[in-house]
Amino acid sequence: MPQADAVPALAVRGLMKRFDQPAVDDLSLTIRAGEFYALLGPNGAGKTTTLRMVAGLLHPDAGTIEICGTNARKDPVAAKRVLAWVPDEPMIYDKLTPMEYLSFVAGLWSLDANVARAKADQLIDVFGLSAKTNERCQGFSKGMRQKVALAGALIHEPRLIILDEPLTGLDAGSARQVKAVLRHLVEHGATVIMTTHILEVAERMADRIGIIDKGRLVAEGTLDDLRTTSRVHGASLEEIFLDLVNDDGVGEPDSTRVAIAGAPA
Amino acid sequence: MSATTATLSWFARHEARLAWRDWMMLMSGGRKRKDRAVVIGMAVFALGLHAIAGLVLRPYLPALGGVGVPLLAAIAMSLVLTFTMMFSQALEQVTRAFYTRDDLDLILSSPAPARHLFCVRISSIVITTTMMSGLIVAPFINVAAWLDGPRWLSAYAMIVAAAALSVGLAVQATIMMFRLIGPKKTRLVAQITAAVVGASFLIGIQTVAILAYGSMSRFALLSETSVLARLPDAASALWLPAHAVMGAPVPLLGALLIAALYVSWVVQRGSREFSTHAVAAMGLAETRRTHARVPARGFAHTSPFMALIQKEWTLLARDPWLVSQTLMQILYLIPPALMLWVSFGAKSNTATLLAPVLVMAAGQLAGALAWLAISGEDAPDLIATAPIKPRALIWAKIVSVLALIAAVIAPFVVAIALMSPRGALVIGVGAMAGAASAVLIQLWFRAQARRTNFRRRQVASRISTILEAFASILTAATAAVAAAGSWLALGPAALVGLVMLVAWLVRPRGD
């Protein structure tokens, strides 16, 4: 990992968001530049809400968000210049080809045409989209759409990349490709924040892991730090996670009930 | 789950429950509101429609006298007009029954007999078609029955017969298209056919009336003695449907029997092929990409503003279905265009006649395009996270819509300018004002949705649909009065301002 930058890639202080009930509750988070950070939590914990506020897609009720030293609430345009957001459901245009999509994204970020073209060619190649460059995205599989969305997110060479469940629905080959690209980006100085329910991915890829529950950060650190925090020593991330979020509905499955539920009538 | 779950009646109950919830959603705009408020709102609306029907029919019914050819011809023309509308609606709904994947994956992968689902869905289309047309004509039937006797109530039975016939015809047409042109083209062709058929009879009658008599009224033909003289006498079999509308028992029972037998036969035959065609339609997503090869477009240095405008235009141009749906309203510009051509240079009041039509068309078209550009954004997160000021983003969307409206209206304005520069100015300004008001309302009431939900956009917010219609009508009225050179135009113009103020005040707020 390169030397950590003095200015954090993301600094969140006292972030609050309430819908019917608090979704994010006084959350503070600092993510260093060049770090791979995994944000974990059970369903409805507030992970996506937090990241959508960071990406400028939701207005926080309170709190501050600084992206690479820029106050994202005061100067959202400057913050967005260095940020990329990849939602869990890839949102691309069915009627555009991947290359046209990249051209459009380059236009949104006001990139130089020659630079954008070269970068687009490189991304198309990296994500194995060459054969589909000039076909419309209509009918692309989830994995293909995710790759196009990811290529679009990277064309402006963002310093902070936020991904919400980027590996969901991808086949093993595509998932491996995406993970390799993310790892490569971090090695070259970018910061990646990723939510995932695949704990093995977080365990293997993340420099630090944050665990969020009921809108609050309940634990944060390296895997070893989390082991120390948790009451379960020498445990896997899955065991640590389940212990920390203390979900009443989670536990060892009852083998008798599983057997009955799965038995033919 | 019992063993009798997938029977016809079970499917019927399931569909009825979904339809009821859809209807309540349509009426309440998705807000939790007491049913009583919905009922009161509907009652007030129905009373308003009856009042309008009374105003329309009162002068005509006594003038038509007994059951003569003019009355029979007027009824027959209304029946054909209603039938074309019904067929158009039925064709669109039948196509949707084959292509909508919502629950077909689940049902077709279950052991439930698909023919039961098909029977129920087609029956529900008959009911929907009857209700939709019934809602429109019911005030006229009720007022006619009130003014001229209860025999007119049998028109309701004719509505049911016409709905059954139109749905049967739509099912046959759809299945024939599946066989002839395949599932890939059937949807587009069927939906364009539906839109063209829906508009064609009305436009055709208006066109004939304009070319022959210089009037845009579809009933102008029936006031011409030369036309009436060529029609068969009142005893002709051609008028049997019209007699049925007025309560003649034998034609009425005959029409009902024919319709019931026909639709039963079509459903029975169609249900055998339903799952085959539905599965073929569902497989389209997997095969479509191999046929969508397009040349690459080069990268060009462009501003975010221009990138957004180009994107909107490209997406619209590449979606023939959306083009057909949005630009279909341009079909309604054919009669005014003809009117302009026929009366070119001869009538000084042409601008006054055309102003409301063109301004209304601009408003309607702008509303549809603005929905696509604003609510129908397929990558909202991408746009929202781009480093563009929200104001620039909104302006790009507005400009992309208004530029298209300007391109559609410009030829009319130029032609009118040659006769009446002031009239052209009024129409040009009015059309752009109508378009701008529709765009603003779409902007204030935007609700994220897939572009494919275009046909259901009005369900999202009834209030915005109503306000958009009011703004459009009042802007058209302003343009008409202004084109006539009267300062009274300030009246409807002030009302436009009021409607826009109300729209701004009641707009949804928050994230």
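Everything numeric in this text was worked out from a predicted model, so none of it was measured. Chain letters run A, B, ... following the sequence lines, proteins first, then strands; residues in each count from 1.
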Q: Under the rule for side chain to side chain donor-acceptor pair (under 3.5 Å), what residues qualify as partners of B:Thr193, not counting sequence neighbours?
A: none
Q: For chain A, find its close neighbours in residues 382-400 of chain B: heavy-atom separation under 4.5 Å, sorted by number, or none.
A: B:Leu382, B:Ile383, B:Ala384, B:Thr385, B:Ala386, B:Pro387, B:Ile388, B:Lys389
Q: For chain B, find which of A:Arg81, A:Met91, A:Glu89 contributes the most heavy-atom pairs closer than 4.5 angstrom.
A: A:Met91
Q: Is A:Val115 close to chain B through its backbone or its side chain, or both, or neither, when contacts mean heavy atoms under 4.5 Å?
A: neither
Q: Side chain, backbone, both or neither: which part of A:Leu108 has an atom under 4.5 Å from a heavy atom of chain B?
A: both
Q: With sequence neighbours left out, what residues match B:Ser303 under side chain to side chain donor-acceptor pair (under 3.5 Å)?
A: none
Q: Heavy atoms only: give me the nearest B:Leu315-A:Lys95 pair and the separation to one decimal.
A: CD2-CB, 3.7 Å
Q: Measuring from atom CD of B:Gln310 to atom OG of A:Ser103, what distance do you get when rounded to the nearest 0.5 angstrom?
A: 7.5 Å
Q: Considering only heavy atoms, which portion of A:Ala106 lies under 4.5 Å from any heavy atom of chain B: side chain, backbone, both, or neither?
A: side chain
Q: Applying side chain to side chain donor-acceptor pair (under 3.5 Å) as the test, list every pair that has at least one member in residues 63-80 of chain A; sequence neighbours left out.
A: none
Q: Is A:Leu102 close to chain B through its backbone or its side chain, or both, or neither, when contacts mean heavy atoms under 4.5 Å?
A: both
Q: Is any side-chain heavy atom of B:Asp381 less than 4.5 Å from a side-chain heavy atom of A:Arg52?
A: yes
Q: Using a 4.5 Å cut-off on heavy atoms from C-beta on, say whether the side chain of A:Glu100 contacts that of B:Arg318.
A: yes
